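Accompanying notes for the structure given below.
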Amino acid sequence: MVRFTPSNSSEVTMFRTRFAPSPTGYMHIGNLRTALYAYLIAKGAGGTFILRIEDTDQNRNVPESVQAIYNGLKLAGIEYDEGPDKDGGYGPYVQSQRLPIYKEYALKLIESGDAYYCFDQKEDKPALEDTGERVQGYRDPCRNLSAEEVRAKLVEGIKPVIRQRIPDPGVSSFFDHVYGEITIDHDQLDDQVLLKSDGFPTYNFANVVDDHLMAITHVVRGQEYLTSTPKYNLLYQAFGWERPEYIHLPHIIKEDGSKLSKRKGDPSFEDLVRMGYLPEAVVNYVALLGWNPGDEREFFLLPNLVEAFDLNRINKSNAAFSFDKLRWLNGEHIRSLSPQEFHKRVLPFYPAGFDRFDLEQLSTLIQVRTENLADIPALVGFFAELPSYEVGLFEHPKSKSTMETSKLVLQLVLPLFEAMEEWTNDSLFDCLKAFSKEQGLKVGTVMWPIRTALSGQETSPGGATELAAILGKEETLRRVALGLEILG
RNA sequence: GCUCCUAUGGUCUAGUGGUUAGGACGCGGCCCUUUCAAGGCUAAAACCCGGGUUCGAGUCCCGGUAGGAGCACCA
């Protein structure tokens, strides 16, 4: 992986990055990663991470969704140093509250000639898209209006937009930390709208003004902005501002190559958590989509990511989101939890009516067998109700269990159990082990029919004695007796 | 259509001219074992194609191909 040396990054002392979502109501996986990387880049350098709300599209704002952004970040453990509710002296941090600022700066560009008023209505622009011939390097006729003509239109009361004047001809280059040197011809750049007729800025304008005014040093955003970055650089240049460093990120896609989309039912970050994935596992997984630490570590908690993260190790190509791997990593995170912590987290996932069991004990049993919290009800369901099962279950070659041995074992073990005073896993195990020895049977041959009678399933979280301990003496006896009935 | 970007097993990736191309997920097998997991070991599986440059190319250059992105009074 060849890396270019950035022009002046060594002189950057204070890192300031921002996450600038538009309020759509939930956190995309891609957004989560963008926020995470921006956070890691800032924090890894001891810098500042800022949250800014980009709500300049009046048609797309979803009320309450700013709250969703707060919740999403909180869930991820990503804490911002400055934001709408956390003033750091660079506010306001909500673009709809900065309208006068954009106007002021737009007018500066009008004065300097780097932008111009445009009086066309939206509908006037020919829709050439339909013919397959795309417009590029759009130059509006208003570009050449004289001062008098502009004044006259203004007096008429036509609400203008302000468009950027792209220097024509020309070529622009910039350095991106992920993609390297990018060069684009100005004939590819539109005279884009900077200020809409409703007085709101476009993203194209607001991001530049805000990033500069908020002293953002490293712009972290999706790859989709790569080709419009020269337009922003031209703006920086027109204002005489220093450009930030750029870190454009490749996209996260699906395994079939299509893009993740909420509309097609692909889960958001919050959805994944609801689906039983630990937030820290999702964060860990997403960090690994497009980045690696340079060694073979894969398990990371947020603080470790801060330490390990290096923007020079971000990949250029899109990465497919794999539920298989997320599931595995989720299991890793689950297993890394202390038994107490796991128990706490898992408590809400137990089906109703489970309080009658020793849940703490049950939790230790299932911790190593849980890859997703949502699997728990199915995993433990048999404790509450014994499923109906076929006699055939009692046959198990690997344990050398046959119908005969199973029946024999259950018959002999029943009175043994009845006589037991201490009902614990250890006491039960000792008892059965001694029993198997005295009968000259394999431990497995003894355990299998018991485990089967107790669970009614081919597999279970825990062996015979562990299940018995949780089930309790009475229920164990009942199920063993039932097993004998089934064996006939 | 024009422009920009990308290309190592099915998936995530390591790899900065010389490696038996490494790891992880998933998949198969074995061991361990109180069933299943977990853990350990192990197998199968990859450098998009074609030209160059070079003693030598996954690695550099060019050209294809394939995929992604951009081309809004959306962000």
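Since this is a predicted model, take the numbers as computed values, not measurements. Throughout, protein chains are lettered first and strands after them, A, B, ... in sequence-line order, and every chain is numbered starting at 1.
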What residues, two or more places apart in sequence or in another chain, satisfy side-chain hydrogen bond (donor to acceptor under 3.5 Å, both in side chains) together with [X]?
X        : result
A:Gln361 : none
A:Tyr105 : none
A:Asp210 : A:Gln95, A:Arg98, A:Tyr102
A:Lys325 : A:Glu298

According to salt bridge (Lys or Arg N to Asp or Glu O under 4.0 Å), who are the partners of [X], at least two apart in sequence or on a separate chain?
X        : answer
A:Arg369 : none
A:Asp266 : A:Lys254
A:Arg345 : A:Glu280, A:Glu341

How long is the line joining [atom1] of [X] and [atom2] of [N], in whole Å?
X        : N     : atom1 : atom2 : answer
A:Tyr138 : B:G70 : OH    : C1'   : 18 Å
A:Trp448 : B:U35 : CH2   : P     : 8 Å
A:Ile252 : B:U11 : CD1   : C1'   : 14 Å
A:Arg139 : B:C2  : CZ    : C1'   : 14 Å
A:Leu289 : B:U13 : CG    : P     : 6 Å
A:Tyr246 : B:C5  : OH    : P     : 16 Å
A:Glu54  : B:A75 : CD    : P     : 8 Å
A:Phe321 : B:C25 : CZ    : P     : 17 Å

Side-chain N or O of [X] closer than 4.0 Å to phosphate OP1/OP2 of [N]:
X        : N     : answer
A:Arg297 : B:A14 : no
A:Lys398 : B:C36 : yes
A:Arg163 : B:C73 : yes
A:Lys316 : B:C5  : no
A:Asn207 : B:A75 : no
A:Lys196 : B:C74 : yes

Item to complete: Please determine, for the side chain of A:Ser399, which listed nucleotide (B:C71, B:U35, B:U11) has the closest atom?
Response: B:U35

Discussion item. The side chain of A:Asp324 is closest to which nucleotide in this list: B:U6, B:G26, B:C74?
Written reply: B:G26

Which is true for [X] with a 4.0 Å heavy-atom rule: it touches a base, it touches only sugar-phosphate, or it touches nothing?
X        : answer
A:Val161 : base
A:Ser317 : sugar-phosphate
A:Ala319 : sugar-phosphate
A:Ser228 : nothing
A:Tyr285 : nothing
A:Gly294 : nothing
A:Asp140 : nothing

Show me the donor-acceptor pairs within less than 3.5 Å that the side chains of residues 381-394 of chain A make with the rest of the protein, sequence neighbours left out.
none

Discussion item. Once rounded to the nearest 0.5 Å, what's the spacing between atom CG of A:Leu109 and atom CD1 of A:Ile162?
Written reply: 8.0 Å

Discussion item. For the CG atom of A:Leu337 and the CG atom of A:Leu278, what is their distance to the nearest 0.5 Å?
Written reply: 6.0 Å

Could you tell me which nucleotide pairs with [N] by Watson-Crick or G-U wobble geometry, both distances under 3.5 Å, or answer none if nothing does?
N     : result
B:A14 : none
B:U34 : none
B:A44 : none
B:A21 : none
B:C2  : B:G70
B:G58 : none

Worksheet item: If you look only at pairs with a residue in residues 435-461 of chain A, which of them pass as a salt bridge (charged side-chain N to carboxylate O under 4.0 Å, His left out), with sequence neighbours excluded?
Response: none

Worksheet item: Would you say A:Asp190 and A:Ile166 make side-chain contact, with heavy atoms under 4.5 Å?
Response: no

Worksheet item: Do side-chain atoms of A:Ser336 reach the backbone of A:His333 as a donor and acceptor pair under 3.5 angstrom?
Response: yes

Just the table, please: protein N/O against nucleotides 37-47 of chain B N/O, every pair under 3.5 Å.
from: B:A37; atom 1: O2'; to: A:Val368; atom 2: O; distance (Å): 3.3

Which whole number of Å gives the distance between the [atom1] atom of [N] and that of [M]?
N     : M     : atom1 : value
B:A24 : B:C41 : P     : 9 Å
B:C12 : B:C71 : C1'   : 32 Å
B:U34 : B:A46 : C1'   : 42 Å
B:G15 : B:U8  : C1'   : 9 Å
B:A37 : B:C25 : P     : 15 Å
B:C73 : B:G67 : P     : 29 Å
B:U59 : B:C47 : C1'   : 10 Å
B:G70 : B:A45 : P     : 39 Å

Worksheet item: Are a donor atom and an acceptor atom from the side chains of A:Asn207 and A:Arg221 found within less than 3.5 Å of each other?
Response: yes

Worksheet item: Will you find, in the side chains of A:Asp191 and A:Tyr116, an N or O donor that is under 3.5 Å from an N or O acceptor?
Response: yes

Between the protein and nucleotides 19-23 of chain B, which nitrogen or oxygen pairs come in under 3.5 angstrom?
from: B:G23; atom 1: O4'; to: A:Glu296; atom 2: OE2; distance (Å): 3.1

Discussion item. Quiz question: going by heavy-atom distance under 3.5 Å, is there a donor-acceptor pair between the base of B:C12 and the side chain of A:Ser322?
Written reply: no

All N/O pairs under 3.5 Å across the protein-nucleotides 64-69 of chain B interface:
from: B:G68; atom 1: O2'; to: A:Asn318; atom 2: ND2; distance (Å): 3.0

Discussion item. Cation-pi check for A:Tyr37 against A:Arg33: NZ or CZ below 6.0 Å from the six-membered ring centre and within 45 degrees of the axis, yes or no?
Written reply: yes

